[in-house]
Amino acid sequence: MMLRSLSWALLPVLLGVGSHPASPAPEGQVSAVSLSSAGGTARLAIAVDRGVSVHQTRMQNPDRLVLDFEPALKGEFAAYDGQHRGNVADIRVNQYKANVVRVVVEFDRLPDFKVEQGIDGTVTVAFADKPFDSWDASARRSTAARRPADAPADERPVIRSEPEALLIGFSRLNQQDSSRFDVTWDKTPIEDALNQLAVRSGRSIVPGKNVTGTVSMTIKNKTWGEIFQALLAQQGLSATVMAGDIIRVDSPGELSKLDSIEVLTQAVVRLNYAKAAEMANNVTKMMTKNRGSVTPDTSTNSLILVDTRTRIDAIRQFVEALDLKTPTIAIQARLIFVDRTDLQQLGVKYDIGTANQFFNNIVQRTDPTTGQPYNPNTNVVNLGGNSVSAISNADALISGSALDLVFSTAIGGFSITSFLSALEQVQLTDVEAQPIVHVLDNRQAQLISGEQTPVRVIDASSFGQINQAPRANVQFKETGIKLTATPHVTANRQILMDLDVERSSIQLLASVDLGFNIPIQHGITKLLVNDGETAVIAGLTVTTVTKNRTGIPLLGRLPFIGNLFSFSTNSEHRQDLIILVTPRIMDDPIGN
């Protein structure tokens, strides 16, 4: 017993604690900086003493957030390790003035963020970002502080350091001691091992009454927090922080019993952007089972939290991290539709007849007995002798011809008449629509610009009924420009969109009873684009070439002169469709 008591008396000397009188800690010190990511939200935590105020400034070129702490001195801890973490490019902490510590956070692009200072002085900056590995730099309390260096106002020399591991949810307790040391335990009682860590770290660690046994391990060059985690993992123990920052170590079952007897407390969290009813669904699973509860208050858009004191603070931080400003996206679509038709028609008709025999459906002859033209379907045949009459391309017709030419001559007793018709036509339709719509992130927006056309629909079952006309009803068909979009802003400020773009029109068919023809150009897609980038979501070209030719056999196929004995129609119909979309994030990139 005497030897064991002596070893405990020498323990502070062996661990380097108490060998020198501790210097009094200065007032207002920035003692730690950590950067972590969870659930799509990044959090920068800066540990400062109470009474220190923070002032924030946004700067550009490059984008950065500047935090000035006053009055404060910078503790002795290593600087950022220089790694790119999500949207964060660099973090610099320097003694800007004798009583001002400046923290500069440089971003690839300054996001929406929220700066809050807790009751204990800790300042947190929360912003949306993609997941990354955490980083932590902690300081030992020291009266010595870095003085302003010969450098620009917000730039100081950057010193790289190794990232520190966090203490399983107790990062705030581990922020002020990042020194490393070695431990060797060989069948050492767990109580003794915990006491050694308590002496080395200056923390209050209380083991439960059932925490017994021995521990054997050798760990070199690690912080007390890392050693503490390894000890808990080896023994299957858990830890929780009680009132007064006392660390309670016990089995998970015993710690859960503490939750069952701990006094419940209430907190009201007012939401700015998220809906209370939706947020309550996310928070419910975090509450203590069978004890905690969350109630949404839709009138004030708040959450009423009921849980133990040790858990309610963590839940409040979780809610505040999710309550971020929802960005607004402007989506501009551009629909270009070109419809072009080229038509060429050329035809020649011939009529050969005599006074006593002829065909009457091209050249109209007069009946000498009445003085009136013959019926077009009446043909006169000479039965008194041999006679020849002929027509070519009698039924061929060019509607709306641009040129009609008639040539007539008489050869002997024959009259020869030729008809030439020609047409060249170009029809062009050019439609360009540019709908634009603004919508919040993860919300659907729809824009319709068009008309509703009534269409009569005949009920086929009503046919055949005696003394009753067929029944008809009217349906409205919606045509025009339609844009439906659902955007989502990713953590790296890209835009993921579900798009549905349609352009349609009404064309009346030749027969009224047949109703309408509705041409539609429609595109549905999902794509990922950068902010302000124009993407082609659809492109379509349809070309239809039609050639028709009728004429006199053999003669119509002769080279060069075949067109003199035939009717020809050449038609080319070309449709081009291009759909472009340009999304832009409309919220202020440096706004709060």
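The analysis underlying the following values was restricted to heavy atoms, covering all of them including side chains, and did not include hydrogens, waters or symmetry mates.
Summarising the geometry of V125 relative to F113, their closest heavy-atom pair is CG1-CB, 4.1 Å, with the distance given to 0.1 Å. The two residues I91 and V105 have their closest heavy-atom pair at CG1-CG1, 4.3 Å. Closest of all the heavy-atom pairs between V529 and P583 is CG2-CG, 3.2 Å. For the residue pair N563 and L346, the shortest heavy atom distance occurs at CB-CD2, 4.4 Å. Here the shortest heavy-atom pairing between I398 and G347 reads CD1-N, 4.0 Å. Annotation for A402 and L423: closest pair N-CD1, 3.8 Å, computed over non-hydrogen atoms.
Remark: the S566 side chain and the S568 side chain contain no N/O donor-acceptor pair separated by less than 3.5 Å. Side chain to side chain, T541 and D576 meet the donor-acceptor criterion of an N or O pair below 3.5 Å. At a cut-off of 3.5 Å, with distance as the only test, no side-chain donor of H84 or D90 sits close to an acceptor on the other residue. Q521 and E502 share no donor-acceptor pair across their side chains, judged by distance under 3.5 Å alone. Looking at S504 and T479, their side chains never bring a donor and an acceptor atom within 3.5 Å of each other. In summary, the side chains of N356 and T354 do not present any donor paired with an acceptor at a separation below 3.5 Å, with no hydrogens or angles considered. With no hydrogens or angles considered, no side-chain donor-acceptor pair links R549 and N570 at under 3.5 Å. Using modelled atom types, one finds no donor on one side chain facing an acceptor on the other under 3.5 Å when comparing Q444 with Q446. In this structure, a donor-acceptor pair under 3.5 Å is absent between the side chains of D367 and Q372. Residues H488 and D498 bring no donor and acceptor atom of their side chains to less than 3.5 Å of each other.
Classified by interplanar angle (parallel below 30°, tilted 30° to 60°, perpendicular above 60°), the ring pair W135/Y80 is perpendicular.
Under the rule for a side-chain contact (heavy atoms from CB on, under 4.5 Å), the partners of D351 that lie at least two apart in sequence or sit in another chain are I362, V363, R365, I391, T417. Scored by the side chain to side chain donor-acceptor pair (under 3.5 Å) test, K482 finds E478 as partners (sequence neighbours excluded). Applying the side chain to side chain donor-acceptor pair (under 3.5 Å) test to T490 and every residue at least two apart in sequence or in another chain returns N492. Listed by chain and number, the residues in a side-chain contact (heavy atoms from CB on, under 4.5 Å) with P296 are A276, A280, L303 (sequence neighbours excluded).
With contacts defined as side-chain heavy-atom distances shorter than 4.5 Å, the pair H438/M586 qualifies. At least one side-chain heavy atom of L271 sits under 4.5 Å from a side-chain heavy atom of M279. Put simply, the side chain of V581 reaches to within 4.5 Å of the side chain of M497, judged on heavy atoms. Put simply, the side chain of Y374 reaches to within 4.5 Å of the side chain of V380, judged on heavy atoms. E432 has its side chain within reach of R334: a pair of non-hydrogen atoms, C-beta onward, lies under 4.5 Å apart. Here the side chains of K477 and Q452 are not in contact, with every heavy-atom distance at 4.5 Å or above. The side-chain heavy atoms of I537 and L527, taken from C-beta on, include a pair separated by under 4.5 Å. Side chains of T525 and I579 form no contact here, defined as non-hydrogen atoms less than 4.5 Å apart.
Remark: side-chain polar atoms of R574 are not paired, donor with acceptor, to backbone N or O of D339 under 3.5 angstrom. A donor-acceptor pair under 3.5 Å links the side-chain atoms of R64 to the main chain of P62, judged by distance alone. Within the 3.5 Å criterion, the main-chain N or O of N375 finds a donor-acceptor partner in the side chain of N360. Although no hydrogens or angles enter the test, the distance criterion places a donor-acceptor pair under 3.5 Å between the side chain of D323 and the main chain of N272. A distance-only check finds no donor-acceptor pair linking the side chain of Q357 to the backbone of V381 [under 3.5 Å]. Under the 3.5 Å distance criterion, the side-chain polar atoms of D129 are matched with a main-chain donor or acceptor of N87.
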Begin from the C-alpha positions of R92 and E106 and carry the test salt bridge (charged side-chain N to carboxylate O under 4.0 Å, His left out) through to its verdict.
CA-CA 8 Å; R92 299 183 290 277; E106 185 175 321; 3.2 Å; yes
Go through the steps for I585 and I495 under the test side-chain contact (heavy atoms from CB on, under 4.5 Å), then give the verdict.
CA-CA 8 Å; I585 301 175; I495 303 174; 3.8 Å; yes
Apply side-chain hydrogen bond (donor to acceptor under 3.5 Å, both in side chains) to T546 and S571, showing your working.
CA-CA 5 Å; T546 304; S571 175; 5.1 Å; no
Trace of the side-chain contact (heavy atoms from CB on, under 4.5 Å) decision for L44 with T124
CA-CA 5 Å; L44 176 68; T124 59; over 6 Å; no
Apply the test salt bridge (charged side-chain N to carboxylate O under 4.0 Å, His left out) to residues E320 and K114: give CA-CA distance (whole Å), side-chain angles for both, the deciding distance (0.1 Å), then the verdict.
CA-CA 9 Å; E320 293 174 350; K114 178 185 285 187; over 6 Å; no
side-chain contact (heavy atoms from CB on, under 4.5 Å) between V123 and V115: does it pass, once the steps are laid out?
CA-CA 7 Å; V123 174; V115 179; 4.0 Å; yes
Would you check, one step at a time, whether the test side-chain contact (heavy atoms from CB on, under 4.5 Å) holds for I518 with I520?
CA-CA 6 Å; I518 305 178; I520 296 177; 4.1 Å; yes
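To the nearest 0.5 Å, the span separating CG on L397 from CG on D395 amounts to 9.5 Å. Atom CG of residue L540 and atom NE2 of residue H522 lie 13.5 Å apart, to the nearest 0.5 angstrom. The CG atom of L335 sits 5.5 Å away from atom CG of L577, with the distance rounded to the nearest 0.5 Å. Note that OG1 of T41 and CZ of F127 are 9.5 Å apart. Values are rounded to the nearest 0.5 Å. Atoms CG and CG, from N361 and N379 in turn, are 6.0 Å apart once rounded to the nearest 0.5 Å. Note that NZ of K275 and CG of N301 are 9.0 Å apart. Values are rounded to the nearest 0.5 Å.
Taking the six-membered ring for Trp and the full ring otherwise, the centers of Y350 and F565 sit less than 6.0 Å from each other.
Among residue pairs with one or both ends in residues 530-546, those qualifying as salt bridge (charged side-chain N to carboxylate O under 4.0 Å, His left out) are R109-D531; sequence neighbours excluded. Annotation: salt bridge (charged side-chain N to carboxylate O under 4.0 Å, His left out) contacts involving residues 433-449, sequence neighbours excluded, are absent.
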